[in-house]
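One structure is given below, encoded as structure tokens.
Numbers restart at 1 for each chain; the letters A, B, ... are given by sequence-line order, proteins then strands.
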There are 2 protein chains.
Amino acid sequence: MTDTAPRSSKAEQTRQSIIDAAMGLFRSGGYDQATMRAIADEAGVSVGNAYYYFSSKEHLIQAYYDQIQAAHAEAAEAPLSSEGDFTGRLRGVLLAWVDVAEPYHEFAGKFFKNAAEPSSPLSPFSEDSTAAREAAIELHGRVLDGSDLKLNKALREELPELLWLLQMGIVLFWVHDTSDGQQRTRDLVDQAVPIIDRMLRLTRLPGVRGVVDDIVGLIHLIRP
Amino acid sequence: MTDTAPRSSKAEQTRQSIIDAAMGLFRSGGYDQATMRAIADEAGVSVGNAYYYFSSKEHLIQAYYDQIQAAHAEAAEAPLSSEGDFTGRLRGVLLAWVDVAEPYHEFAGKFFKNAAEPSSPLSPFSEDSTAAREAAIELHGRVLDGSDLKLNKALREELPELLWLLQMGIVLFWVHDTSDGQQRTRDLVDQAVPIIDRMLRLTRLPGVRGVVDDIVGLIHLIRP
DNA sequence: TGTCATAGTTGAACACGTTCAAAAGATGGA
DNA sequence: TCCATCTTTTGAACGTGTTCAACTATGACA
């Protein structure tokens with residue numbers, strides 16, 4: 001059985017209990033304490049059974065990660081419905097991620113390992129992650145949709161993906177951020193968002209427009 | 001003994017033989033074959049002895065990584081001495097890296113997977129990587145030093161580090177690049193470098209200057 | 001009911017990175 | 001030379017993620 005196949009209720013229940021056990025152990029004891037044996041014990045199943053549902057510990061962590069993503073989509077609804085200008089919407093969505101992800105910061109590095117392993121199906125750039133990635137990109141599409149930003153059409157089309165890349169960069173910073181409550185990441189978002197807003201408005205300047213067109217062309221060239 | 005303490009000739013010899021064994025196994029069998037036991041065997045020492053010289057497998061891999069960095073610094077000399085304008089110098093240095101790293105592309109994914117974790121000594125942002133990182137940043141300082149680029153002083157001071165960050169982005173792209181000889185990465189460099197050149201020249205435009213100042217301010221804010 | 005294929009479950013076993021107490025070797029002063 | 005101290009070397013042992021052959025439970029069909 002793959003990790004995404006349809007499942008019976010009983011199997012789904014066992015599967016969820018393993019995720020719950022992992023979540024509990026992650027929160028209480030950190031990543032190192034959450035061994036597969038401990039997780040299986042806590043879930044009341046055997047080690048082999050845990051591997052029946054999750055083909056590796058990373059896949060199990062990924063299921064955990066998926067819940068963070070879903071929580072982010074939900075938390076992003078507030079700013080997306082209340083904020084009208086681009087900076088407010090973008091800041092709201094980015095800070096919502098920092099809020100949602102905060103409890104998991106301690107072992108977030110383990111998540112991030114997936115980003116750099118190209119052969120892993122868990123990589124955010126991989127074929128297997130297409131759905132999750134496009135959902136995240138779509139979220140940034142909604143940041144733009146409701147905003148007051150006026151942009152060149154070609155740039156406008158690329159921007160959701162570029163904003164998603166920005167978010168990946170912020171996640172990279174966040175992973176390395178050891179400040180209390182990841183305050184430095186919040187500061188980064190607060191300061192970077194208005195700058196991005198100003199940069200985007202500059203793209204309509206005569207001298208800048210040509211460069212923007214080249215950048216869009218470059219994106220088209222390197223996209224798989 | 002730490003990994004950087006002064007060493008006797010005999011100890012240095014043993015140390016180097018372990019690195020050589022690791023290099024050989026990496027080249028012939030890939031990352032997975034190069035177990036600590038196999039490396040120690042190949043080097044003619046015990047496993048425990050290998051750990052006497054390298055406090056972890058990642059530290060051993062880092063010694064390997066350092067040699068790539070050194071090879072890049074050497075390969076970068078050619079464009080740095082022959083090219084006079086910024087685009088030529090930057091392109092030369094970036095493509096030199098792609099050339100030097102090409103033989104290691106196959107297992108670079110495994111390598112960078114470990115490097116992506118913040119707690120890993122292999123992380124380019126880590127304490128252990130300070131020397132290699134600063135050398136790489138210095139290399140980009142030399143890209144600028146010999147070039148014709150006229151820039152705002154504050155931006156000029158940050159630019160080597162920013163160019164190094166650009167290189168990290170290119171490395172990330174390269175890791176995921178499965179094209180023949182990593183041709184797509186070379187295309188990316190060829191196309192991106194003139195764009196960066198034009199963007200940097202735009203920073204002197206009246207409307208742009210203010211944003212650049214803000215960006216420099218942001219960098220100062222978030223730098224550790 | 002009985003049969004049988006499929007789904008689910010088990011825990012011992014494997015190879016790995018890593019540790020550590022102990023042994024062996026090197027060094028230098030008395 | 002002998003002893004003391006420090007450096008280097010050893011390999012068995014530990015805990016980890018992971019695998020797998022064997023087992024049990026489920027349910028569809030006769």
When the distance from CD of A/Gln33 to P of D/dG17 is rounded to whole Å, what number comes out? 11 Å
For B/Gln13 and D/dT9, give me the distance from atom CD to atom P, rounded to whole Å. 11 Å
B/Ser129 vs B/Ser126, test: side chain to side chain donor-acceptor pair (under 3.5 Å). Steps then yes/no. CA-CA 5 Å; B/Ser129 297; B/Ser126 77; 3.2 Å; yes
For a side-chain contact (heavy atoms from CB on, under 4.5 Å) with A/Gln167, tell me which candidate from A/Leu90, A/Leu94, A/Val189 qualifies. A/Leu94
Calculate the interatomic distance between B/Leu25 atom CG and C/dC16 atom C1'; express it in whole Å. 15 Å
Taking only N/O atoms, report every protein-nucleotides 21-25 of chain C pair under 3.5 Å with atom names and distance.
none

Examine the side chains of B/Ser123 and B/Glu117 and answer whether a donor and an acceptor come within less than 3.5 Å of each other. no
Partners meeting side-chain hydrogen bond (donor to acceptor under 3.5 Å, both in side chains) with A/Thr87 (sequence neighbours left out): A/Asp85
Separation of D/dT8 atom P from B/Phe54 atom CZ, nearest Å, is 13 Å
List in chain and number order the residues that pass salt bridge (charged side-chain N to carboxylate O under 4.0 Å, His left out) with B/Glu74, two or more places apart in sequence or in another chain; answer none if no residue qualifies. none
Cut-off 3.5 Å, no hydrogens considered: what does the side-chain donor-acceptor table look like for residues 40-48 of chain B, sequence neighbours left out?
unit_1: B/Ser46; atom_1: OG; unit_2: B/Asn49; atom_2: N; d: 3.2

For residues 20-32 of chain A, dump all side-chain donor-acceptor pairs below 3.5 Å to protein atoms at least two apart in sequence or in another chain.
unit_1: A/Asp20; atom_1: OD1; unit_2: A/Gln16; atom_2: NE2; d: 3.2
unit_1: A/Ser28; atom_1: OG; unit_2: A/Gly24; atom_2: O; d: 3.2

Distances for protein N or O near nucleotides 18-23 of chain D N or O, under 3.5 Å:
unit_1: D/dT18; atom_1: OP2; unit_2: A/Tyr51; atom_2: OH; d: 2.7
unit_1: D/dT18; atom_1: OP2; unit_2: A/Lys57; atom_2: N; d: 2.7
unit_1: D/dT18; atom_1: O5'; unit_2: A/Tyr51; atom_2: OH; d: 3.3

Measuring from the side chain of A/Tyr53 (C-beta onward, heavy atoms only), which nucleotide among D/dG17, D/dT9, C/dG8 has the closest atom? C/dG8
Is any side-chain nitrogen or oxygen of B/Tyr52 closer than 4.0 Å to OP1 or OP2 of D/dT9? no
Go through A/His220 and A/Glu158 one step at a time and tell me if the side chain to side chain donor-acceptor pair (under 3.5 Å) criterion holds. CA-CA 9 Å; A/His220 286 139; A/Glu158 304 303 332; 2.8 Å; yes
